[in-house]
2 protein chains.
Amino acid sequence: MTGNDLYEELTRHLSAVGSVRRKLGRILPAGCSDASATMLAVLGRHGAMRIGRLTELLGVDPSVTSRHAAQLTMLGWVDRKPDPADRRSSILRLTSEGHAQLAELSDRRSRELAARLAGWSDEDIRRLAWLLSRLRADFDAQRTGQHTFADPSEGARRPRTPAA
Amino acid sequence: MTGNDLYEELTRHLSAVGSVRRKLGRILPAGCSDASATMLAVLGRHGAMRIGRLTELLGVDPSVTSRHAAQLTMLGWVDRKPDPADRRSSILRLTSEGHAQLAELSDRRSRELAARLAGWSDEDIRRLAWLLSRLRADFDAQRTGQHTFADPSEGARRPRTPAA
DNA sequence: TATTGTTATACTCTATAACTATA
DNA sequence: TATAGTTATAGAGTATAACAATA
């Protein structure tokens with residue numbers, strides 16, 4: 001059962017991330033929930049998109065995305081226009097107010113993180129971000145079955161920059 | 001504003017950890033909540049302790065620890081005996097049923113993680129666990145004020161093995 | 001018939017505030 | 001008076017299921 005302790009330790013530290021996230025959440029501007037902040041960040045990073053794409057990127061149920069998107073729209077931070085390619089859907093895009101809110105968020109977070117991570121090198125931060133993105137990518141990948149070994153026809157399929 | 005993008009990326013990936021944790025939570029045995037699993041793991045790793053210590057380790061409000069500890073006690077997985085040093089408090093300890101439950105949890109998680117992290121080296125896993133523990137430690141540290149620079153009297157106070 | 005998204009509902013986790021018992 | 005822990009309550013975030021509109 002080699003690696004059991006390794007997994008146990010990783011799981012414990014992953015659980016503890018919640019504490020960090022809650023502390024980061026306390027610096028949010030009034031009226032901006034944690035979920036709103038996350039959604040603004042994704043739209044800011046990846047640009048306009050449909051609910052379905054946002055759902056994938058957030059890793060939640062579509063019903064959750066739908067509710068939060070409605071919230072952001074009501075706040076005037078996100079604009080929806082019909083998707084010409086599929087009338088069941090619409091395109092979400094940050095408004096100028098949304099961009100402003102995101103900028104305010106980023107400023108606050110930068111100040112907080114600069115203080116908290118004073119002892120971290122840029123390389124440390126990049127490494128952590130990279131490992132987390134890889135973790136997320138490996139959990140998003142469909143389990144292809146119960147076989148233990150990878151398909152031999154796929155030599156180096158490990159993504160080098162997952163979800164950049 | 002150097003490092004802003006670095007921070008933005010880190011924050012986004014930290015948010016995405018929730019998705020990973022929820023997927024790991026789906027393999028829990030019936031009757032064992034995610035919070036229960038976390039508490040069992042901490043008690044298994046650090047041994048018997050009081051509510052206060054558990055509260056620190058979990059990084060939540062004492063009221064939360066109290067409620068979940070009551071739950072685990074009711075399930076028979078944790079035993080409470082009076083703290084001889086302070087009658088306001090009591091000592092929490094895993095019962096044999098608690099140990100068994102924790103073992104079952106660890107087995108399930110090991111299988112899941114072994115499948116998900118097939119492409120990871122032990123070193124990758126250790127590095128991620130280490131960076132997360134350091135992140136947590138730096139967020140737990142009391143902000144000593146608004147000064148930007150560390151107290152010169154403290155040479156190398158960066159913990160080398162935070163919350164091991 | 002399948003897919004995209006929405007709504008109603010319920011559940012988990014957490015924080016705040018008020019409280020009890022002991023230090 | 002201060003501290004350890006408990007309980008009541010409220011709020012945020014998410015999932016499930018049923019549904020509407022369109023592909």
Side-chain angles (χ1 to χ4, degrees), chain A residues 14-42 49-75 78 80-92, chain B residues 14-42 49-75 78 80-92:
Chain A
L14 282 173
S15 294
V17 168
S19 167
V20 170
R21 290 203 60 221
R22 284 190 294 279
K23 284 183 182 175
L24 271 178
R26 295 203 188 98
I27 63 165
L28 294 176
C32 182
S33 70
D34 193 71
S36 294
T38 301
M39 199 170 267
L40 288 178
V42 170
M49 66 184 75
R50 320 199 314 179
I51 288 277
R53 171 72 175 140
L54 198 47
T55 294
E56 284 174 23
L57 290 172
L58 294 174
V60 296
D61 189 86
S63 65
V64 173
T65 316
S66 178
R67 175 182 298 275
H68 289 153
Q71 173 83 2
L72 288 195
T73 304
M74 212 165 48
L75 287 165
V78 159
R80 315 174 72 132
K81 63 174 191 182
D83 182 351
D86 187 338
R87 272 184 306 170
R88 292 172 300 183
S89 192
S90 52
I91 306 290
L92 304 180
Chain B
L14 282 174
S15 295
V17 169
S19 167
V20 171
R21 289 203 60 221
R22 284 190 294 279
K23 284 183 181 174
L24 271 177
R26 294 202 189 99
I27 63 164
L28 294 176
C32 183
S33 70
D34 194 70
S36 294
T38 301
M39 199 171 268
L40 287 178
V42 171
M49 65 184 75
R50 319 199 315 179
I51 288 275
R53 172 71 175 141
L54 198 46
T55 294
E56 284 173 23
L57 290 171
L58 293 173
V60 297
D61 189 84
S63 65
V64 174
T65 316
S66 179
R67 175 180 299 275
H68 289 153
Q71 173 83 3
L72 288 195
T73 304
M74 212 165 48
L75 287 166
V78 159
R80 315 173 72 132
K81 62 174 191 181
D83 182 350
D86 187 338
R87 274 183 304 171
R88 291 173 300 184
S89 192
S90 52
I91 307 289
L92 304 180

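Proteins get letters first, then strands, A, B, ... in listed order; numbering begins at 1 in each. All values below were derived from every heavy atom in this structure, side-chain atoms included, with hydrogens, water molecules and symmetry-related copies excluded. None of the values given here were measured: they were computed from a predicted structure.
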Please report the C-alpha distance between A/Arg53 and A/Val42 in whole Å, then the side-chain angles of each, then the deciding distance to 0.1 Å, and finally whether the side chain to side chain contact (heavy atoms under 4.5 Å, CB included) criterion is met.
CA-CA 10 Å; A/Arg53 171 72 175 140; A/Val42 170; over 6 Å; no
Nucleotide of D/dA15, C/dT14, D/dA4 approaching B/Val60 most closely (side-chain heavy atoms):
C/dT14
If you compare all heavy atoms of A/Gly25 against all heavy atoms of A/Asp34, which two are closest, and at what distance to 0.1 Å?
CA-OD1, 4.1 Å
Quick check for you: among C/dA8, C/dT4, D/dA2, whose closest atom lies nearest to any side-chain atom of A/Arg67?
C/dA8
Rounded distance in Å - CD1 (B/Ile51) to C1' (D/dT3):
15 Å
Interatomic distance, A/Asp83 CG vs C/dG5 P [rounded to whole Å]:
8 Å
Is any side-chain N or O of B/Ser66 closer than 4.0 Å to OP1 or OP2 of D/dG5?
no
Want to settle it: does A/Asp86 or A/Ser36 sit nearer the 5' end of DNA chain D, counting the closest nucleotide to each?
A/Ser36
Tell me whether the side-chain N or O atoms of A/Arg87 pair up with the base of D/dT22 as donor and acceptor below 3.5 Å, since no angle test is needed here.
no
Using OP1 and OP2 only, check whether a side-chain N or O of B/His68 sits under 4.0 Å from C/dT12.
no
Under the side chain to side chain contact (heavy atoms under 4.5 Å, CB included) criterion, do A/Val78 and A/Met39 qualify, and how do the steps go?
CA-CA 10 Å; A/Val78 159; A/Met39 199 170 267; over 6 Å; no
Restricting to non-hydrogen atoms, name the atom on B/Val60 and the atom on A/Arg22 that form the minimum distance, rounded to 0.1 Å.
CG1-NH2, 3.5 Å
Under 4.0 Å, heavy atoms only, any strand: does A/Arg80 hit a base, just the sugar-phosphate, or nothing?
sugar-phosphate
Taking the side chain as every heavy atom from C-beta outward, state whether A/Ser15 and B/Arg21 have any atom pair closer than 4.5 Å.
yes
Here the distance between atom P of D/dA12 and atom CZ of A/Arg21, to the nearest Å, is 15 Å
Within this structure, what is the CG-to-P distance between B/Leu58 and C/dA15, rounded to whole angstrom?
11 Å
Does B/Arg22 reach a base, just sugar-phosphate, or nothing at all? Heavy atoms under 4.0 Å.
sugar-phosphate
With DNA chain C as reference, determine whether A/Pro62 or B/Val64 sits nearer its 5' end, using the nearest nucleotide of each.
A/Pro62
With sugar-phosphate meaning primed atoms plus P, OP1 and OP2, does B/Arg53 contact a base, only sugar-phosphate, or nothing at under 4.0 Å between heavy atoms?
nothing
Can you tell me the distance, in whole Å, between the CG atom of B/Asp34 and the P atom of D/dA15?
13 Å
Of all the nucleotides listed (D/dT9, D/dG5, C/dT16), which has the minimum atom distance to the side chain of B/Asp61?
C/dT16
Please state how far atom CZ in A/Arg50 lies from atom C1' in C/dT6, giving the value in whole angstrom units.
15 Å
For DNA chain C, whose closest nucleotide is more 5', that of B/Ser33 or that of B/Ser63?
B/Ser33
Rounded distance (Å) that lies between atom P of D/dA4 and atom CZ of B/Arg88:
6 Å
Roughly how far apart are A/Leu72 CG and A/Leu92 CG, rounded to 0.5 Å?
8.5 Å
Between D/dA15 and B/Arg26, is there an OP1 or OP2 to side-chain N/O distance shorter than 4.0 Å?
yes
Nearest-nucleotide comparison on DNA chain D, the residue closer to the 5′ end among A/Ala35 and B/Thr65:
B/Thr65
